[in-house]
There are 2 protein chains.
Amino acid sequence: MTQDTATNPLDPVILGHCAAEERTFTREMLTRVGDRWTLVVVAQLRDGPARFTELLTRIEGISHRMLTQTLRCLQRDGMLTRTAYAEVPPRVEYALTPLGRTLLEPLAALIQWSNTHREEVAAHRDDFDR
Amino acid sequence: MTQDTATNPLDPVILGHCAAEERTFTREMLTRVGDRWTLVVVAQLRDGPARFTELLTRIEGISHRMLTQTLRCLQRDGMLTRTAYAEVPPRVEYALTPLGRTLLEPLAALIQWSNTHREEVAAHRDDFDR
DNA sequence: CTGGATCCTCGGCGATACTG
DNA sequence: CAGTATCGCCGAGGATCCAG
């Protein structure tokens, strides 16, 4: 490969100087993180497991359908676990896995960025809209 | 618990313990970063300015319409500059601003994460789909 | 309570045609 | 060459109903 592709992660992934699999996966992850509910769900599980209805209640605005879908997606990727208890009525608990937690760290950096630059961006927008 | 809420950016932003403005803006930024073209455009400008058609050619799959839209969006936020030269035929150059470049840093962390954990996630998926 | 399946709407995006 | 406006399609996602 080219010499510096290893040093800056942006080069290989975004510019295409790497395996198609990696590019695809990275795009997929960015899309995930950028979608409406993934992060909210993950954040809700950060301090401990929660049940389905519990999440549905706590997360304002999410629909039944999207919660299911988001949970399945995260579960499939090994970001969270689903534990069904054989009771009536059924009880299901979702919990973040260690892998799921590792994602929170790089995300924090991005969130930090947005907090730091919010006003600067807002100023640019006002200027542009004038 | 409560004491470390200030140190972990995830708490205020995602969990809602902060100003609505900040939450909204953070969501907006995550959506931006997660959309199909923003990062690709930014990456293309990383090594220097480029013209409209140049970008259109280099970025495989992007439509005329989406390139315009993506560029306007980034320009409005002060992430890039648009310079039109009074010539015939017209020439317009787009260039990343310092603000735009600062965004690349936290993004690299996320991209790094996806590279590191790609195979692990893939394994989970295979397992789940079985 | 959990979660699948179905229907239906709405908005994003590509294609295209048109201005400066 | 660069950019806007219009149209039409397609799919994401909400509402709802059914099942275990």
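From a predicted model like this one, the values you see are computed outputs, not experimental measurements. The chains referred to below are lettered A, B, ... by the order of the sequence lines, with proteins before strands, and numbering in each begins at 1.
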Item to check | side-chain hydrogen bond (donor to acceptor under 3.5 Å, both in side chains) assessment of Thr31(A) paired with Arg27(A) | outcome: CA-CA 6 Å; Thr31(A) 303; Arg27(A) 279 251 74 264; 3.1 Å; yes

Next on the checklist: Please determine whether side-chain contact (heavy atoms from CB on, under 4.5 Å) holds for the pair Ile62(B) and Leu55(B), giving the CA-CA distance in whole Å, both sets of side-chain angles, and the decisive distance to 0.1 Å.
Outcome noted: CA-CA 9 Å; Ile62(B) 195 171; Leu55(B) 291 170; over 6 Å; no

Next on the checklist: Quick one, Arg125(A) with Glu28(B), criterion salt bridge (Lys or Arg N to Asp or Glu O under 4.0 Å). Give me CA distance, side-chain angles, the key distance, then yes/no.
Outcome noted: CA-CA 14 Å; Arg125(A) 287 182 184 177; Glu28(B) 209 175 323; 2.8 Å; yes

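Side-chain contact, Arg58(A) with Gln44(A): a donor N or O sits under 3.5 Å from an acceptor N or O. Side-chain polar atoms of Ser114(A) and Arg118(A) form no donor-acceptor pair below 3.5 angstrom. Side-chain polar atoms of Thr68(B) and Arg72(B) form no donor-acceptor pair below 3.5 angstrom.
Ion pairing between a basic and an acidic side chain is recognised when a charged N comes within 4.0 Å of a carboxylate O; Arg130(A) and Asp127(A) show such pairing. No salt bridge links Arg46(A) with Glu105(A); every basic N to acidic carboxylate O contact stays at or beyond 4.0 Å.
When rounded to the nearest whole Å, the span between CZ of Phe52(B) and C1' of dT4(D) equals 11 Å. The CZ-P distance, from Arg32(A) to dA12(D), rounds to 13 Å in whole Å. Atom P of nucleotide dA15(C) and atom CG of Leu56(B) are separated by 11 Å, given to the nearest angstrom. The distance from atom CG of Leu55(B) to atom C1' of dC1(D) is 13 Å, rounded to the nearest whole Å.
The side chain of Tyr94(B) contributes an N or O atom lying less than 4.0 Å from OP1 or OP2 of dG3(D).
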Produce the list of close N/O pairs, under 3.5 Å, pairing protein atoms with atoms of nucleotides 17-20 of chain C; give distances to one decimal.
none

Are there any protein N/O atoms within less than 3.5 Å of an N/O atom in nucleotides 7-14 of chain C, and if so, which ones and at what distance?
unit_1, atom_1, unit_2, atom_2, d
dG14(C), OP2, Ser63(B), OG, 2.5
dG14(C), O6, Arg65(B), NE, 3.4

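Comparing Pro89(B) and Thr68(B), the nucleotide of DNA chain D nearest to each residue sits closer to the 5' end for Pro89(B).
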